[in-house]
Amino acid sequence: MSQTPLLLARGVEKRYGDVPVLERLDFRVDAGEFVTLVGASGCGKTTLLKMLLGTERPSRGELLLEGAPLPDEPGVDRGVVFQRYSVFPHLTALDNLVLAEEFALAPLTARLFGAARRQARERAAANLAEVGLGQAMARYPYQLSGGMQQRLALAQALTMRPRLLLLDEPFGALDPGIRLEMHALITRLWRERSLTIFMVTHDLREAFTLGTRVWVFDRLRHDPQVPDAFGATITYDLPVAARTKATPDIPSPLIKESHA
Amino acid sequence: MKRLVNLKPRPATRWLLGALPFALLALLYLGLSSQRLADNPSDRLLPSPATMAESFLRLASEPSARTGARLLWSDTFASLERLFAGVAISAVLALVIGLACGALPLVRAKLSPLVTVVSLIPPMAILPILFIAFGTDELAKVALIVIGVTPFLIRDLQGHALRVPAEQWVKAQTLGASSWQLILRLLLPQLMPRLISSVRLALGSAWLFLIAAEAIAAQEGLGYRIFLVRRYLAMDVILPYVAWITLLAFLIDQALAWISRRGFPWFHAEEKDA
Ligand SMILES: Nc1ncnc2c1ncn2[C@@H]1O[C@H](COP(=O)(O)OP(=O)(O)OP(=O)(O)O)[C@@H](O)[C@H]1O
Ligand SMILES: [Mg+2]
């Protein structure tokens, strides 16, 4: 593996107007890590993901992706799944997955035809089957349950093989049982594809079962007169011993065991 | 006892409930008409259904003495042509501008104030300008519909374009979409059913502008005919024509609704009544 970390933050700070939301962010994340982000509502977890996505820029400091400044608009190197609205309502499950390939191969029409289309659909179908949506390919998102929609969103986010996968409370709206299924799925995908994942969650158990590293966000400094005077930062960066990093050099038998 | 808001009519009941007001109106008319005709058999104000049917059939089947055309059909054809031309031009304009405004903040900043101001101009007030500028033939009438309907469509579409969740914009970009591809595969398909429903709403005003323009200057057309025979108090022509226009409007509306349901099933998934 290379010397440069996958993601590096140096003195990152984010303020909206005069209100600081995040401050003093310094971290280093290597490929294959699964970082879970927890913290009180409104402390800036989504804001950090937005900066990683490129829809928001740090007010100060810098974010480096593989040594280069993070692009300030979303791109294929960073995949994302939100709690809602992550899939396209006007496309069937299969078309949702084919879309990325159509963007890549057909700049002008964004549609594939003939053999290219058939091949893309076959690949998409295989990817759908992998996340357990083999039977639901022709359905529109409104015909899918919440869990199925998030499976679709995950599969879609992975089509472009992003360097970073950003998940903002992806399972927040799901039932506990479904959530466990989703944990198994994300763990399997993370290991099989050596993903690097940032996941925001409000569920501490989820944070510790899934992450190799748990970040706790809170305000270090507090002014009782002006509650908004200071921003939050990463107050704890906890390694989770039980989870091994998803590096490509993990021997494959281990991978097979761990998602049984 | 269920709450009133939870009581849903069964299909047969719903049909009956829908037909009931029509039946009542028809009865009311029949009563008033026969009463007036009994008082004065040559009364023209509330003609009997038989007289109306007769006049209507005459217009539909007998060639006119002056032009040799069957008036009902030539009027209908002329009016629908103007209506479709006007509405089609408006829809295309609104779609293009709505897409550009919805997708591109740079365009939005430039165009939005203009659209807002233009949409506040009362179209009927500039009808004379249109007649002066375009003459009194087809162009002015189509232009009136376009001017009357387009700003509404643009504002409606732009509003919907801005309401496409930000998450979807971001997601599409993480899948590698260019600006053009975002417009083509994200915005356009999501706006199409919106356009159809906006057009359905706008058709009422489109008919209004059409008939107003025809009433003022035309040689044929449904509105022209109504205002022409008004001079002779020919209610036996006016009333069937109004019913005919209503029927046409209803059929166009239903056709659009059908196209939308067939073409965009995902859009209608959340609606209460299909
Ligand atoms: N566009 C914005 N303009 C101004 N303030 C904003 C904006 N976006 C977020 N904020 C503020 O930044 C703070 C952090 O918001 P953020 O959405 O990142 O919180 P969060 O940790 O994700 O919360 P939650 O757990 O509820 O999702 C909040 O106080 C919010 O009010
Ligand atoms: Mg959040």
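By convention in this document, chain letters (A, B, ...) are assigned in the order of the sequence lines, proteins followed by strands, and residues within each chain are numbered from 1.
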**Asked** Hey, is CD on E62(A) packed in by over 12 heavy atoms from elsewhere, all under 6.0 Å?
**Response** yes
**Asked** salt bridge (Lys or Arg N to Asp or Glu O under 4.0 Å): which pairs involve residues 145-168 of chain A, sequence neighbours left out?
**Response** E66(A)-R163(A), R151(A)-E181(A)
**Message:** Please check: side-chain N/O of K171(B) versus main-chain N/O of F82(A), any donor-acceptor pairing under 3.5 Å?
**Reply:** no
**Message:** Measuring from atom CZ of F264(B) to atom OH of Y140(A), what distance do you get when rounded to the nearest 0.5 angstrom?
**Reply:** 9.5 Å
**Request:** Please check if atom OH in Y16(A) has more than 12 non-hydrogen atoms from other residues, nucleotides or ligands closer than 6.0 Å.
**Result:** yes
**Prompt:** Any residues in residues 41-56 of chain A near chain B, with a heavy-atom distance under 4.5 Å, and which are they?
**Reply:** L53(A), T55(A)
**Request:** Not counting sequence neighbours, list each pair that qualifies as a side-chain hydrogen bond (donor to acceptor under 3.5 Å, both in side chains) and has a residue in residues 138-153 of chain B.
**Result:** R82(B)-E138(B), S90(B)-T150(B)
**Fill in**
The interface call for P193(B) against chain A, heavy-atom contacts under 4.5 Å, is neither
**Message:** Using a 6.0 Å cut-off, check whether atom CZ of R193(A) has over 12 heavy atoms from anything other than its own residue.
**Reply:** yes
**Message:** Less than 4.5 Å to any heavy atom of chain A: does that hold for the side chain of A172(B), its backbone, both, or neither?
**Reply:** both
**Item:** Heavy-atom closest contact (Y142(A) atom, W266(B) atom, distance)
**Value:** CE2-CA, 3.3 Å
**Message:** Applying a heavy-atom distance below 4.5 Å, give me the residues of residues 86-121 of chain A that approach chain B, sorted by number.
**Reply:** S86(A), V87(A), F88(A), P89(A), H90(A), L91(A), L99(A), A100(A), E102(A), F103(A), A106(A), P107(A), L108(A), T109(A), A110(A), R111(A)
**Message:** When you compare the side chain of M160(A) with that of T174(B), does any pair of heavy atoms fall below 4.5 Å?
**Reply:** no
**Message:** How about CZ on R84(A), more than 12 heavy atoms from neighbouring residues, nucleotides or ligands closer than 6.0 Å, or not?
**Reply:** no
